[in-house]
Amino acid sequence: MIRNVAALLLVTVGLGLVGAQLEVESEKTNVQPISRYFIHFVNDLSIPDLTVHCKTIDNDLGIHRSLKLGDDYQFNFNYNVLKPTVYWCKVDKPNAYIFFQCFWPEKNSTWLRDRCRDGDVGTCTWKFKDGGIYLRNNAANTDELVHTWINM
């Protein structure tokens, strides 16, 4: 009986130390959550015309035609932790298209948040180039290839 009580005490103390360590680690890496996101689409194609159509399961943002070279179509929203939203977009250019998620909630990863973080807001800048669709990595100050065009 005494052996069982001693074992239970050791396990309890051990778990307390592990919990304290996890709490300290999370404080070291604690970053404020992003509550507002700005999504940008920039036409960096050598071809002048681009069409963008984005929507969620509940909201159609409409078709935006004829984005010329350098044009920036954008929208923004408040992030709702209780009902996170996925934004899907279809982008058409002459002879090619892409259908992709431009924003999604992340539970087990911070890949998108890490790239879009811009201070205390999220700024996700998708650039459409001849070689594919790039996401701006704000922290690294680079554009990363994420998708390639689907030829028609």
Side-chain angles (χ1 to χ4, degrees), residues 12 14-152:
T12 304
L15 288 176
L17 291 174
V18 169
Q21 180 65 28
L22 290 174
E23 189 173 304
V24 169
E25 289 300 318
S26 69
E27 286 175 8
K28 287 181 192 174
T29 60
N30 189 16
V31 178
Q32 284 296 100
I34 298 172
S35 60
R36 185 153 193 83
Y37 280 89
F38 296 84
I39 310 296
H40 294 264
F41 299 105
V42 178
N43 183 354
D44 275 349
L45 292 167
S46 60
I47 301 168
D49 288 331
L50 187 69
T51 301
V52 177
H53 183 195
C54 296
K55 57 183 166 178
T56 70
I57 198 165
D58 300 322
N59 188 14
D60 190 331
L61 302 178
I63 297 172
H64 300 273
R65 298 188 187 280
S66 300
L67 269 71
K68 305 291 183 209
L69 180 63
D71 281 356
D72 178 359
Y73 161 64
Q74 58 185 290
F75 61 91
N76 62 78
F77 58 94
N78 289 323
Y79 183 74
N80 184 341
V81 176
L82 300 176
K83 188 181 176 194
T85 302
V86 174
Y87 283 88
W88 289 91
C89 297
K90 183 171 190 259
V91 180
D92 291 292
K93 69 174 192 164
N95 300 320
Y97 71 96
I98 187 73
F99 186 69
F100 71 104
Q101 292 179 358
C102 71
F103 183 84
W104 59 91
E106 295 178 301
K107 293 180 184 169
N108 300 321
S109 167
T110 60
W111 186 88
L112 184 66
R113 277 177 286 184
D114 291 345
R115 281 150 183 78
C116 295
R117 182 172 291 282
D118 189 13
D120 60 349
V121 298
T123 303
C124 302
T125 303
W126 293 95
K127 294 186 177 182
F128 303 109
K129 301 181 181 189
D130 292 332
I133 292 80
Y134 292 74
L135 178 63
R136 183 77 180 157
N137 183 331
N138 294 325
N141 199 29
T142 59
D143 296 335
E144 297 177 5
L145 178 64
V146 179
H147 302 288
T148 55
W149 293 102
I150 299 168
N151 294 318
M152 292 192 262

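Atom set for the values below is all heavy atoms of this structure, side chains included, hydrogens, waters and symmetry mates excluded. One-based numbering along the sequence shown.
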Q. Where is the tightest heavy-atom contact between Gly132 and Leu145, given as atom of each residue plus distance?
A.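 In this case the closest contact between Gly132 and Leu145 is CA-CD1, 3.9 Å.
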
Within 6.0 angstrom of [X] [atom1], more than 12 heavy atoms from elsewhere:
X	atom1	answer
Asn95	CG	no
Tyr97	OH	no
Lys68	NZ	yes
Lys129	NZ	yes

Side chain [X], main chain [Y], donor-acceptor under 3.5 Å:
X	Y	result
Asn137	Asp143	no
Thr110	Arg113	no
Asn76	Arg36	no
Gln74	Phe38	no

Close side-chain approach of [X] to [Y], heavy-atom, < 4.5 Å:
X	Y	answer
Val91	Ile133	no
Val146	Trp126	yes
Phe77	Ile39	yes
Cys124	Tyr87	no
Thr51	Lys90	no
Leu135	Trp111	yes
Val86	Pro105	yes

Q. Which of parallel (below 30°), tilted (30 to 60°) and perpendicular (above 60°) describes Tyr79 and Phe103?
A.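 Rings of Tyr79 and Phe103: perpendicular, over 60°.
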
Q.
Check the orientation of Phe41 and Phe100. Use parallel for under 30°, tilted for 30 to 60°, and perpendicular for over 60°.
A.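 Rings of Phe41 and Phe100: perpendicular, over 60°.
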
Q. Salt-bridged, Arg136 to Asp118, with N to O below 4.0 Å?
A.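 No salt bridge links Arg136 with Asp118.
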
Q) Salt bridge or not for Lys93 and Asp49, using N-O below 4.0 Å? A)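 Result for this pair is no, no salt bridge flagged.
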
Q.
Please evaluate residues Gln101 and Leu112 with respect to the criterion side-chain contact (heavy atoms from CB on, under 4.5 Å), reporting the C-alpha separation (whole Å), side-chain torsions for both, the decisive distance (0.1 Å), and the verdict.
A. CA-CA 11 Å; Gln101 292 179 358; Leu112 184 66; over 6 Å; no

From [X] [atom1] over to [Y] [atom2], what is the distance, rounded to the nearest 0.5 angstrom?
X	Y	atom1	atom2	value
His53	Phe99	NE2	CZ	9.5 Å
Leu50	Asp44	CG	CG	10.0 Å
Ile150	Thr148	CD1	OG1	7.0 Å
Lys127	Asp72	NZ	CG	10.0 Å
Ile34	Arg117	CD1	CZ	4.0 Å
Asn80	Ser35	CG	OG	11.0 Å

Q: Could you tell me whether the SG atom of Cys89 lies less than 2.5 angstrom from the SG atom of Cys54?
A: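 With an SG-SG separation under 2.5 Å, Cys89 and Cys54 do form a disulfide.
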
